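Below is one structure, written out as structure tokens; comments come after it.
Below, chain A is the first sequence line, B the second, and so on; all start at residue 1. Note that the structure is predicted; figures quoted are calculated from it, not measured.
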Amino acid sequence: MTEKRKYYLTTAIPYVNARPHLGMAFEYVQTDVIARHHRALGDDVFFLTGADENSLKNVQAAEAEGIPTAELVARNTGRFIELTRRLEISNDDFIRTVESKHHVGSQKLWSACRPEDIYKQKYQGLYCVGCEAFYTESELVDGKCPEHQRPPDLVEEENYFFRLSNYQERLERLIASDELRIVPEIRKNEILSFIRSGLHDFSISRSRERARDWGVAVPGDPSQVMYVWFDALSNYITALDYGLDSAADSGSRFARYWPADVHVIGKGIIRFHAVYWPAMLLSAGVPLPKTLFVHGYINLAGVKMSKSLGTVVDPVELIDKYGVEVVRYYLSRYIHPFQDSDFTYEQLEATYTADLAKGLGNLLSRSLTMIEKCGGTIPRGGDGAEDEVAIRALFAEIFTAYERFMADFEFGRALDKVWEGQAALDRYITIHKPWELAKNPARAGELHTVLYILAEGLRMLASLIAPVMPATATEIWRRLGLERPLGEVAWADHKRWGLLAEGLTVDKGAPLFPWLAK
RNA sequence: UGCGGGGUGGAGCAGUUGGUAGCUCGUUGGGCUCAUAACCCAAAGGUCGAAGGUUCGAAUCCUUCCCCCGCUACCA
């Protein structure tokens with residue numbers, strides 16, 4: 001038995017001052033698809049998600065509601081946890097940045113940074129007391145805060161800074177060489193041009209007063225609290241117990257899983273992940289993550305999702321209306337993994353009808369009905385006829401392409417290949433007319449071959465859709481009479497034509513994807 | 001201002017060594033009847049944002065222009 005290869009992947013941790021929207025669901029689903037696929041491949045997967053609770057915005061939101069910050073944060077984080085459950089996300093842990101081990105780990109990371117990379121300096125800025133935030137000249141409207149219509153104060157404060165400028169050349173080299181790989185290429189180029197334009201040091205702390213005594217204390221300086229990004233990014237290692245005494249053990253999570261194989265993030269936060277984060281790790285002598293997968297955003301009818309515009313889609317409502325599997329399928333196949341995409345109910349319903357009801361669901365239904373009419377068990381198949389060879393070759397090719405697309409985070413294209421298999425089976429039925437073969441006892445052998453090919457093809461389709469629609473895949477397996485859990489089957493067996501044994505009793509069941517109510 | 005991405009039949013997309021423009025959905029016509037009024041076949045539909053250039057030949061290379069979007073730092 002060879003040692004399992006480890007695979008560590010993460011989502012970004014959202015700040016929790018608002019309800020989760022469809023964009024976060026998209027990120028959860030994509031990351032989950034990667035995680036489930038890697039488990040199917042046999043990897044020892046650790047899938048982390050979590051919540052960023054140390055942002056000053058949480059303090060403000062709590063004040064606005066008149067409740068303690070800790071209470072607000074716990075409540076709002078609960079909504080994100082609820083969403084991961086409703087989406088049936090298979091995360092192995094959920095890190096909250098209010099956890100003490102996160103504070104300890106963040107402080108450890110700070111302390112591990114080279115002393116010459118962190119320095120204290122006076123910072124001067126235009127500060128709006130109402131917003132509790134600094135503004136740049138360009139953000140002001142007529143010299144006033146756009147929110148409160150009043151001129152900001154010139155505030156001077158001493159903060160810690162990180163010497164990002166020290167890392168410009170190294171970061172450029174690491175990214176250009178793909179040692180730190182950024183997918184897709186466009187994001188890599190974007191960040192490279194940013195780095196080449198010159199990196200400036202950035203502030204990594206706030207005064208405790210300004211931070212409202214909320215956040216992670218700077219080690220050795222009680223007057224300062226970490227700038228939220230510094231601690232937020234460190235969640236990727238603190239969740240693995242970095243900073244705890246036990247982390248030094250060879251059997252610890254940190255030793256086992258770090259560095260991350262992929263951080264899944266939205267395009268809006270690429271800079272923090274492609275520049276700040278690796279620089280911090282370099283300074284602290286911690287290995288770098290291997291890949292950043294940067295996804296695009298979901299627009300609503302061409303308009304950015306925005307609460308103020310009322311253009312938000314609540315993923316939980318979608319799940320209530322269409323079901324988790326459908327939402328996961330739609331997001332995986334039709335929201336572009338790299339570019340921004342539009343979300344529309346029309347497209348969602350159209351793909352449901354075309355791909356799921358008329359496609360996969362109907363194929364399963366007609367196939368199992370025919371098997372039930374012909375004895376109800378999986379017949380002996382495989383006479384090596386020309387058509388069977390063609391179907392087998394097609395599925396082999398589908399698996400190959402699917403693996404490549406999944407490795408490139410091209411989930412939609414991977415699913416396109418899967419549906420090629422579905423379409424091929426429908427065509428196969430039309431060509432061989434099993435209902436006619438059934439009328440002629442002399443052609444029983446042919447009939448059995450046709451039915452076996454259908455059942456075996458469906459079995460393969462189930463294993464291919466499993467990362468995206470785990471419950472549907474499992475249900476197809478059950479109806480085919482398979483008892484061994486799908487998840488326990490090795491990838492090499494999933495790919496092997498002929499895994500399905502004859503004699504299993506099938507169960508047609510109700511339509512997998514019934515017509516949507518008008 | 002600068003850098004980058006996009007502009008392909010009704011919709012969503014593919015198309016990087018230049019060589020008669022593809023896919024899925026939708027539409028229309030036909031076929032089949034095992035199936036969730038599902039399935040199969042066929043057809044219609046595009047001067048590939050605009051103009052110019054290179055070339056025997058360009059969606060694909062060059063130039064200019066138009067439209068949309070992203071980034072242009074301490075912003076979850």
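At the heavy-atom level, A:Leu368 lies nowhere under 4.0 Å from the strands shown. Among the protein residues, A:Gly509 comes within range of no part of the nucleic acid, since none of its heavy atoms lies under 4.0 Å from any strand. Base engagement by A:Ser365 is indicated by at least one non-hydrogen atom pair under 4.0 Å involving a base atom. Among the heavy atoms of the strands, none lies under 4.0 Å from A:Ala438. In this structure, A:Ile191 reaches neither bases nor backbone, as no heavy-atom distance under 4.0 Å exists between it and the strands shown. Counting any heavy atom pair closer than 4.0 Å across all strands shown, A:Phe513 reaches a base atom. No contact: A:Ile204 has no heavy atom under 4.0 Å from any strand. At the heavy-atom level, A:Asn189 lies nowhere under 4.0 Å from the strands shown. As judged by a 4.0 angstrom heavy-atom cut-off over every strand, A:Gly268 is placed among residues making no nucleic acid contact. When heavy atoms are screened at a 4.0 angstrom cut-off, A:Trp419 is found touching no nucleic acid atom at all.
Atom CG in A:Leu454 sits roughly 14 Å away from atom C1' in B:C40 (whole-Å rounding). In this entry the distance linking CZ of A:Arg366 with P of B:A37 reads 12 Å, nearest Å. Spacing between atom CG of A:Leu437 and atom P of B:C34 amounts to 13 Å, rounded to whole angstrom units. Computed from coordinates, the A:Asp340 CG to B:G5 P distance equals 15 Å when rounded to whole Å. With rounding to whole Å, A:Gln121 atom CD is found 15 Å from B:C74 atom P. When rounded to the nearest whole Å, the span between CE of A:Met280 and P of B:C74 equals 18 Å. In this structure, A:Gln422 atom CD and B:U24 atom C1' are separated by 12 Å, rounded to whole Å. At whole-Å resolution of the value, CZ in A:Arg333 and P in B:A11 are 20 Å apart.
Between the P atoms of B:U24 and B:U63, the separation comes to 36 Å (whole Å). Using atom C1' as the reference point in both B:G6 and B:A50, the two lie 16 Å apart (nearest Å). Between the P atoms of B:U16 and B:A38, the separation comes to 36 Å (whole Å). With C1' as the reference atom, B:G12 and B:G26 are 11 Å apart, rounded to whole Å. Between B:C74 and B:G5, the two C1' atoms lie 25 Å apart (nearest whole Å). For the C1' atoms, the distance from B:A14 to B:U60 is 13 Å, rounded to whole Å. Taking atom C1' in both B:A59 and B:G18, the straight-line distance is 10 Å, to the nearest Å.
Partner A:Glu157 forms a side chain to side chain donor-acceptor pair (under 3.5 Å) with one of A:Arg210, A:Arg206, A:Gln224, A:Gln121 and no other, that one being A:Arg210. Test A:Tyr119, A:Trp110, A:Phe202 against A:Tyr160 for ring pair (Phe, Tyr, Trp, His ring centres under 6.0 Å) and you get one pass: A:Trp110.
The side chain of A:Ile186 approaches B:G4 more closely than any other nucleotide in the set B:A38, B:G4, B:U36. Nearest nucleotide to the A:Phe161 side chain, out of B:C74, B:C40, B:U36: B:C74. Set against B:A35, B:U36, B:C40, the side chain of A:Arg427 has B:C40 as its closest nucleotide. Taking only side-chain atoms of A:Arg187, from C-beta outward, the nucleotide of B:A73, B:C40, B:G70 with the closest atom is B:G70. Of all nucleotides listed (B:A73, B:A35, B:U33), B:A35 comes nearest to the side chain of A:Asn362. Out of B:C3, B:C74, B:C41, the shortest distance to the side chain of A:Ser203 is found at B:C74. Of the candidates B:G70, B:A14, B:A73, the closest approach to any side-chain atom of A:Lys267 belongs to B:G70.
Mapping A:Gly198 and A:Pro434 onto RNA chain B by nearest heavy atom places A:Pro434 at the nucleotide closer to the 5' end. Closest-nucleotide positions on RNA chain B for A:Lys508 and A:Ala350 were compared, and the one nearer the 5' end corresponds to A:Ala350.
Note on A:Lys358: a side-chain N or O is less than 4.0 Å away from OP1 or OP2 of B:G26. Distances shown here put a side-chain N or O of A:Lys373 below 4.0 Å from the OP1 or OP2 atom of B:A35. Contact annotation: A:Arg271 side-chain N/O to B:U72 OP1/OP2 distance is under 4.0 Å. Between B:C3 and A:Arg196, no contact under 4.0 Å exists linking OP1 or OP2 to a side-chain N or O. Distances shorter than 4.0 Å separate some side-chain N or O of A:Trp515 from OP1 or OP2 on B:A37.
A salt bridge links A:Asp221 with A:Lys120: the distance from a Lys NZ or Arg NE/NH1/NH2 to an Asp or Glu carboxylate oxygen falls below 4.0 Å.
When both pairing distances are held under 3.5 Å, B:C71 makes a Watson-Crick or G-U pair with B:G2. Using the Watson-Crick or G-U wobble rule with both distances under 3.5 Å, B:C39 pairs with B:G31. Pairing for B:C61 goes to B:G53, judged as Watson-Crick or G-U wobble with the two contacts each under 3.5 Å. Using N1 to N3 plus N6-O4 or O6-N4 for Watson-Crick, or N1-O2 and O6-N3 for G-U wobble, each under 3.5 Å, B:A11 pairs with B:U24.
Distance alone, capped at 3.5 Å, places no donor-acceptor pair between the A:Asp52 side chain and the A:Pro14 backbone. Checking side-chain atoms of A:Tyr352 against main-chain N and O of A:Val326 turns up no donor-acceptor pair under 3.5 Å.
Taking the centre and axis of the six-membered ring of A:Phe411, the NZ or CZ atom of A:Arg333 falls outside the cone set by 45° and 6.0 Å. A cation-pi arrangement, defined by a distance under 6.0 Å to the six-membered ring centre and an angle within 45 degrees of its axis, is absent between A:Arg187 and A:Phe338.
Under the 3.5 Å distance criterion, with hydrogens and angles disregarded, no donor-acceptor pair is assigned to the side chains of A:Thr97 and A:Asn235. With hydrogens and angles left out, the side-chain atoms of A:Asp314 and A:His21 include no donor and acceptor closer than 3.5 Å.
We find that the ring of A:Trp435 and the base of B:C34 stack, their centres lying under 5.5 angstrom apart and their planes tilted less than 30°.
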